[in-house]
Amino acid sequence: MAEDNSYESILCVKPEVHVYQIPPRASNRGYRAADWKLDEPAWTGRMKITSKGKVAIIKLEDRNTGELFAQAPVDQYPGCVVEAVTDSSRYFVIRIEDGNGRHAFIGLGFADRGDSFDFNVALQDHFKWVKQEGELAKQEATQSAAPKLDLGFKEGQTIKISIGNIKKKEAGGAKSRPLGGGLLPPPPGAKAGGLVAPPGNLETAPAIQTNTVPLLGFGSPVPAAQPTTDVWGDFTSAGSNSSKDTVKGWVQF
């Protein structure tokens with residue numbers, strides 16, 4: 001596919017690996033690293049795992065010049081291209097190809113267990129991603145094949161929404177305020193619009209009559225002064241009358 005050849009990414013790099021010539025498989029139980037000459041590797045160099053699309057490629061290169069020694073395209077893991085031995089976690093059997101349709105099986109070993117763990121995890125993560133991509137592609141194909149649901153309104157189509165539990169406003173609106181300009185209501189028992197009667201034990205004082213009661217009981221009451229038209233009469237008569245006559249019933253001091 002064109003998208004698989006777009007770019008190549010590096011998944012894992014190990015600076016030192018060993019390659020061994022392995023004998024043919026003796027039985028179906030698998031390969032054993034103990035049958036190899038582990039102290040005499042056939043080649044030692046750098047290993048690089050790259051990915052191009054869905055395929056992972058194990059490349060064995062010279063660690064000084066980068067010249068390619070062998071490569072093994074992996075399209076499935078676990079599978080027949082990479083197989084672990086039965087007696088160690090640091091050794092694997094891989095199938096290499098020359099690009100002309102010929103292939104061979106060689107032994108691949110790591111000096112450290114951590115390197116062999118990284119090699120295993122890099123391949124597992126890549127094919128886990130390939131599996132997820134395949135599932136997403138299937139889902140998209142299923143959704144595209146299914147008929148689309150048209151939820152749009154047709155021409156002239158309307159919709160009615162019924163909303164319950166909403167109280168209508170009263171016709172009168174706000175409550176009217178009581179008349180009276182803020183006066184307090186009458187007490188209980190009183191008639192509306194009438195005056196409140198005074199308590200029964202209180203008596204009203206009699207009206208005072210003017211100029212009818214004798215002053216200190218002496219003589220007759222003093223007659224009220226008659227109005228006069230002379231504006232200076234009060235001043236002229238005050239001096240003459242005060243020394244001549246004394247009002248009857250009064251004692252002159």
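These numbers come from a predicted model, not from an experiment.
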Item to check | Salt-bridge criterion met for Glu67 and Arg46 (N-O under 4.0 Å) | outcome: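 Arg46 and Glu67: not salt-bridged.
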Checklist entry - Charged N to carboxylate O under 4.0 angstrom, Asp118 versus Lys14? => result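 Answer for the salt bridge query: yes.
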Item to check | Passing candidate, side chain to side chain contact (heavy atoms under 4.5 Å, CB included) with Lys59, options Leu68, Val13, Ile49, Ile10 | outcome: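 Exactly one candidate clears the test, Leu68.
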Next on the checklist: Going by side chain to side chain contact (heavy atoms under 4.5 Å, CB included), Phe105 matches just one of Glu83, Arg25, Arg95, Gln21. Which one?
Outcome noted: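 The option that passes is Arg95.
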Item to check | Aromatic ring proximity Phe119/Phe92, centre distance under 6.0 Å | outcome: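 Yes, the ring centres sit under 6.0 Å apart.
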Item to check | Arg113 backbone acceptor or donor facing Ser116 side chain under 3.5 Å | outcome: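 Yes, because the side chain of Ser116 sits within donor-acceptor range (under 3.5 Å) of the backbone of Arg113.
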Donor-acceptor pairs under 3.5 angstrom involving side-chain atoms of residues 33-45: please list them, not counting sequence neighbours.
from  : atom 1 : to    : atom 2 : distance (Å)
Asp35 : OD1    : Arg32 : NH1    : 3.1
Trp36 : NE1    : Arg32 : O      : 3.4
Thr44 : OG1    : His18 : ND1    : 3.0

Next on the checklist: Please tell me whether Val82 and Phe127 are part of a single hydrophobic cluster in this structure, the criterion being side-chain heavy atoms less than 4.5 Å apart.
Outcome noted: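 Yes, Val82 and Phe127 fall within the same hydrophobic cluster.
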Could you measure the distance from the [atom1] atom of [X] to the [atom2] atom of [Y]? Nearest 0.5 Å is fine.
{"X": "Lys54", "Y": "Trp129", "atom1": "NZ", "atom2": "CH2", "answer": "8.0 Å"}
{"X": "Lys52", "Y": "Ser9", "atom1": "NZ", "atom2": "OG", "answer": "10.5 Å"}
{"X": "Thr50", "Y": "Ile58", "atom1": "OG1", "atom2": "CD1", "answer": "9.5 Å"}

Item to check | Inter- and intrachain pairs under salt bridge (Lys or Arg N to Asp or Glu O under 4.0 Å), touching residues 98-107, at least two apart | outcome: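 The answer is Asp98-Arg102.
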Item to check | Those residues that, when tested against Ala70, pass side-chain contact (heavy atoms from CB on, under 4.5 Å) (two or more places apart) | outcome: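 With sequence neighbours excluded, Ala70 shows a side-chain contact (heavy atoms from CB on, under 4.5 Å) to Leu60, Ile96, given in chain and number order.
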